[in-house]
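Worksheet: one structure, shown below.
The figures here come from the full heavy-atom set of this structure, side chains too, leaving out hydrogens, waters and symmetry mates. Treat the numbers as computed from the prediction; the structure is a model and nothing was measured.
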Amino acid sequence: MHLVNYWTRTKRFFKEAVPTVEQQRLIALILIFCQGGITVSGSIVRVTGSGLGCPTWPQCQPGSLVPVEGAAPAIHQIIEFGNRLLTFVDSAAAGAAVIAMYMACRRPELRVYAWLNVAGIVLQAVIGGISVHLDLRWWSVALHFLPSMVLVWLACMLYARIKEPDDGTAQPRFPQAIRIIAVIATIALSVVLITGTMVTGSGVHSGDSGVGMEGRLDVDTESMAIAHAMCMYVYLIFTAITVFLLYKHRAPQETKKAGWVLIVCILIQWAVGVLQFYLGVPRWTVPFHIGMSAVVTGFTALLWAHGRHRVGGTPDLISGSPAGDDKYAVRQQSLNEERAAV
């Protein structure tokens with residue numbers, strides 16, 4: 001009986017409750033950290049040589065979903081299995097975002113961003129399993145990393161767009177010239193990320209302690225690193241041009257601030273890359289470099305989101321949606337009637 005009552009109250013809550021814009025953005029922010037954080041945990045798997053601590057997928061060891069004592073070094077099993085478990089945390093955050101968008105009756109754009117995060121996590125799980133079955137070939141690991149950056153981008157776009165009223169009209173904020181430069185900068189970022197995976201693929205961290213250089217990209221790592229750095233300089237230059245044009249066209253202060261934060265993040269990432277180059281890529285630098293990749297990608301997305309803004313619409317919406325606010329009002333009236341009855 002208690003279980004039935006609990007289930008009834010739960011269904012009623014999800015049917016009637018309406019998350020506020022602030023609560024929706026908090027969920028989106030948690031999703032951003034989850035999408036970026038799992039890339040860092042993946043890099044820890046890589047530099048500790050734990051990639052094949054669980055040599056099968058979706059099982060960890062043949063015949064077992066969890067680590068098995070003696071099947072592989074315990075620390076490798078724990079690190080790899082822990083990384084896999086984070087997928088469920090990531091999925092929960094993405095699922096919460098989807099539910100929140102529907103509960104608040106938000107516009108289709110936001111629902112698409114949320115659903116794409118869910119779909120991307122499923123795809124990532126499949127790619128991760130394939131990379132394990134391929135014994136962590138460099139290109140399979142690269143294909144596992146790059147979609148994570150796309151998911152960080154999508155989560156940041158969701159976070160940025162949530163605060164805009166659903167019944168507003170979307171309009172470009174800046175001249176076409178600025179948007180073109182921003183597109184070039186974004187393409188440059190994509191090339192930076194791709195060449196970065198190629199540097200890693202030719203480097204010393206194979207992802208499995210027993211693999212060595214087998215299955216690695218057969219190019220000179222130093223030359224690949226220089227090419228990667230040149231792409232980064234192109235990205236930095238076009239980002240700087242974008243910020244300069246934002247000042248020239250008197251963009252909103254929050255947009256200019258986002259541009260400067262992005263430039264600072266790029267410079268930090270550049271400094272870490274230079275340090276890696278001259279120190280021979282020590283293990284401790286890799287997770288930081290991967291984490292900064294997610295940060296740079298995220299702030300690039302946030303700056304991109306400033307290029308279009310919804311104007312007009314109903315002011316001071318609690319949920320961000322007129323339909324959501326109507327639902328919120330009904331919910332509040334129902335709660336007030338229940339309190340009065342008590």
Side-chain angles (χ1 to χ4, degrees), residues 3-4 6-42 45 54 57-60 65-66 80-130 143-164 166 291 294-295 297-298 301-302 305 317-321 323-325 327-328 331:
L3 183 61
V4 173
Y6 176 78
W7 175 245
T8 301
R9 290 196 300 269
T10 301
K11 288 197 299 182
R12 181 182 176 186
F13 171 80
F14 282 107
K15 182 179 179 180
E16 298 180 356
V18 181
T20 64
V21 169
E22 290 74 20
Q23 291 168 337
Q24 295 169 43
R25 296 195 85 199
L26 177 59
I27 292 172
L29 184 62
I30 292 172
L31 179 58
I32 293 172
F33 278 105
C34 288
Q35 297 289 30
I38 201 167
T39 66
V40 176
S41 70
V45 170
C54 291
W57 185 90
Q59 295 179 326
C60 177
L65 289 171
V66 298
E80 168 62 13
F81 187 68
N83 182 60
R84 293 187 182 189
L85 289 180
L86 286 179
T87 301
F88 295 99
V89 178
D90 210 5
S91 300
V98 170
I99 293 171
M101 294 306 103
Y102 280 91
M103 290 174 67
C105 304
R106 298 309 304 266
R107 62 187 184 272
E109 174 195 12
L110 301 183
R111 297 181 186 184
V112 168
Y113 282 137
W115 274 115
L116 285 175
N117 271 276
V118 173
I121 292 169
V122 174
L123 177 63
Q124 276 290 69
V126 173
I127 295 175
I130 292 173
L143 289 177
H144 193 35
F145 167 74
L146 293 173
S148 293
M149 296 299 100
V150 175
L151 293 178
V152 169
W153 179 286
L154 292 171
C156 287
M157 291 296 293
L158 175 64
Y159 175 81
R161 298 291 192 212
I162 282 174
K163 64 181 179 180
E164 300 176 4
D166 286 3
V295 171
T297 300
L302 292 175
L317 287 170
I318 295 173
S319 66
S321 163
D325 273 34
K327 182 180 174 183
Y328 182 86
R331 169 68 171 172

Note to self: Could you report the tightest heavy-atom contact between Leu151 and Asn117, atom names first, then the distance?
What the structure shows: O-OD1, 3.4 Å
Note to self: Nearest 0.5 angstrom please: Met103 CE to Arg331 CZ, how far?
What the structure shows: 8.5 Å
Notebook entry, point to check: Which heavy-atom pair separates Gln24 from Ala104 by the least distance, and what is that distance?
Noted result: NE2-CB, 3.3 Å
Note to self: Quick one, Ile32 and Gln35 - any side-chain contact, counting heavy atoms below 4.5 Å?
What the structure shows: no
Checklist line | Arg111 side-chain N/O to Tyr102 backbone N/O, donor-acceptor pair under 3.5 Å | finding: no
Next item on the list: Kindly write out the residues that satisfy disulfide bond (SG atoms under 2.5 Å apart) with Cys105, not counting sequence neighbours, or none if the list is empty.
Entry: none
Notebook entry, point to check: How long is the gap from CG on Asn83 to OG on Ser41, to the nearest 0.5 Å?
Noted result: 3.5 Å
Notebook entry, point to check: Is the count of non-hydrogen atoms from other residues, nucleotides or ligands lying under 6.0 Å from Phe33 atom CZ greater than 12?
Noted result: no
Item checked: Leu302 vs Tyr159 side-chain heavy atoms within contact, under 4.5 Å -> yes
Note to self: Can you give me the closest heavy-atom contact between Leu158 and Ala97, atom names plus distance?
What the structure shows: CD2-CB, 4.1 Å
Next item on the list: Taking the side chain as every heavy atom from C-beta outward, state whether Thr87 and Gln124 have any pair of such atoms under 4.5 Å apart.
Entry: no
Next item on the list: Would you please test Val98 and Val118 for side-chain contact (heavy atoms from CB on, under 4.5 Å) and show each step?
Entry: CA-CA 8 Å; Val98 170; Val118 173; 3.7 Å; yes
Checklist line | Non-hydrogen atoms of Asp166 and Ser321 that approach each other most closely | finding: OD2-CB, 3.3 Å
Check: Does any N or O in the side chain of Arg106 come within less than 3.5 Å of the main-chain N or O of Ser319, such that one atom is a donor and the other an acceptor?
Finding: yes
Note to self: Just checking Trp57: does its CH2 atom have more than 12 heavy atoms from other residues, nucleotides or ligands closer to it than 6.0 angstrom?
What the structure shows: yes
Notebook entry, point to check: Which heavy atom of Val21 sits nearest a heavy atom of Lys163, and at what distance?
Noted result: CG1-CA, 4.0 Å
Margin query: One thing to verify: whether Glu22 and Arg25 come together as a salt bridge, which I'm taking to mean a side-chain N less than 4.0 angstrom from a carboxylate O.
Written below: no
Next item on the list: Mind listing the closest non-hydrogen atom pair of Ala94 and Ile121 along with its distance?
Entry: CB-CD1, 3.6 Å
